[in-house]
Amino acid sequence: GNSVTQMEGPVTLSEEAFLTINCTYTATGYPSLFWYVQYPGEGLQLLLKATKADDKGSNKGFEATYRKETTSFHLEKGSVQVSDSAVYFCALTTYSGNTPLVFGKGTRLSVIA
Amino acid sequence: SQTIHQWPATLVQPVGSPLSLECTVEGTSNPNLYWYRQAAGRGLQLLFYSVGIGQISSEVPQNLSASRPQDRQFILSSKKLLLSDSGFYLCAWSVGGVISRTDTQYFGPGTRLTVL
């Protein structure tokens, strides 16, 4: 079946630090990969996505590269801000009549000034 | 542009009471619709999804049910709430038609349900 594994949180960083949140997956079929972000008290927002191997998704300074050889989609940002404090979810879909989207458990990021 | 609404935003209900959460989408036709639950420490769990009026797929057996009485309306219900039903309920939509692996889901603001 399909599954997503994210690094355990919480992650606490100082402002302007480099961020990496690891995400690895297992999938039957060819997955598309997503990162969603959830700010406090809100729903989820799509942050970026990649639909084929070696694609790089990017948005708001965040990047993630679809690595088929390592089955990974790690999220990175060169310089985090306090406003980036949120919960980040890695997700995949390989819809073939079963569960259309599978999420990781989420990683809480706290950025301190 | 498309928007998705959920209500109520927060809800406190006693054990054994009924539940009805509503989700509506504007600005698109025949969307695919989804209900998720986010429980503390358990991540995001898909509960139901629908590709059309009256078509509901259930992912997890439980005392919840879903209905889609209109094209852009998705309702989550329960006849008798359990303590374990507490959580943050999220509705989402994606472009209609056959669900493909490249589809992006767009989420509503969520309903926080506390069962006492």
Side-chain angles (χ1 to χ4, degrees), chain A residues 1-10 21 23 25 27-53 55 57 59 64 66 68 73 86-108, chain B residues 2-10 21 23-25 31-52 55-61 87-114:
Chain A
N2 299 336
S3 66
V4 174
T5 302
Q6 289 182 236
M7 60 187 292
E8 294 284 334
I21 300 178
C23 171
Y25 67 88
T28 54
Y30 199 139
S32 291
L33 303 171
F34 305 80
W35 277 102
Y36 282 84
V37 58
Q38 184 180 31
Y39 297 103
E42 300 182 8
L44 275 67
Q45 302 174 27
L46 177 68
L47 183 59
L48 52 85
K49 74 176 187 181
T51 60
K52 61 183 188 295
D55 269 1
N59 186 25
Y66 187 143
K68 192 175 182 182
F73 193 54
V87 180
Y88 292 82
F89 291 91
C90 186
L92 71 82
T93 181
T94 62
Y95 184 70
S96 59
N98 297 315
T99 304
L101 195 63
V102 174
F103 285 87
K105 291 188 175 182
T107 302
R108 182 176 299 279
Chain B
Q2 299 86 7
T3 54
I4 179 169
H5 304 280
Q6 285 186 247
W7 63 89
T10 59
L21 303 181
C23 170
T24 59
V25 180
N32 297 320
L33 297 170
Y34 312 83
W35 276 113
Y36 290 86
R37 176 170 59 202
Q38 187 178 24
R42 297 187 63 183
L44 209 63
Q45 180 185 39
L46 178 66
L47 301 175
F48 302 95
Y49 66 93
S50 170
V51 299
Q55 300 178 62
I56 308 294
S57 296
S58 174
E59 291 297 307
V60 182
F88 193 47
Y89 288 82
L90 290 160
C91 182
W93 73 274
S94 64
V95 173
V98 175
I99 299 176
S100 83
R101 67 174 192 84
T102 60
D103 286 350
T104 296
Q105 291 185 21
Y106 302 94
F107 286 78
T111 295
R112 186 161 301 283
L113 171 66
T114 303

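All chains are named by letter (A, B, ...) in the order of the sequence lines, taking the proteins before the strands, and each is independently numbered beginning at 1.
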Are the side chains of A:Phe89 and B:Gln38 in contact, using a 4.5 Å heavy-atom criterion?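 Side-chain contact under 4.5 Å: yes.
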Check B:Phe107 against A:Leu44 and note the closest heavy-atom contact, atom names and distance.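 Looking at all heavy atoms of both residues, the shortest contact is CB-O, 3.2 Å.
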Taking all non-hydrogen atoms of both residues, which atom of B:Phe88 and which atom of A:Gln38 are closest, and how far apart?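 Reported closest heavy-atom pair: CE2-NE2, 3.4 Å.
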Counting only heavy atoms from other residues, nucleotides and ligands, does the tally under 6.0 Å from CD of B:Gln2 exceed 12?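 Yes - once you tally the heavy atoms of other residues, nucleotides and ligands closer than 6.0 Å, there are more than 12.
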Which region of A:Tyr30, side chain (C-beta onward) or backbone (N, CA, C, O), has a non-hydrogen atom less than 4.5 Å from a non-hydrogen atom of chain B, or is it both or neither?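 Contact with chain B is through both the backbone and side chain of A:Tyr30.
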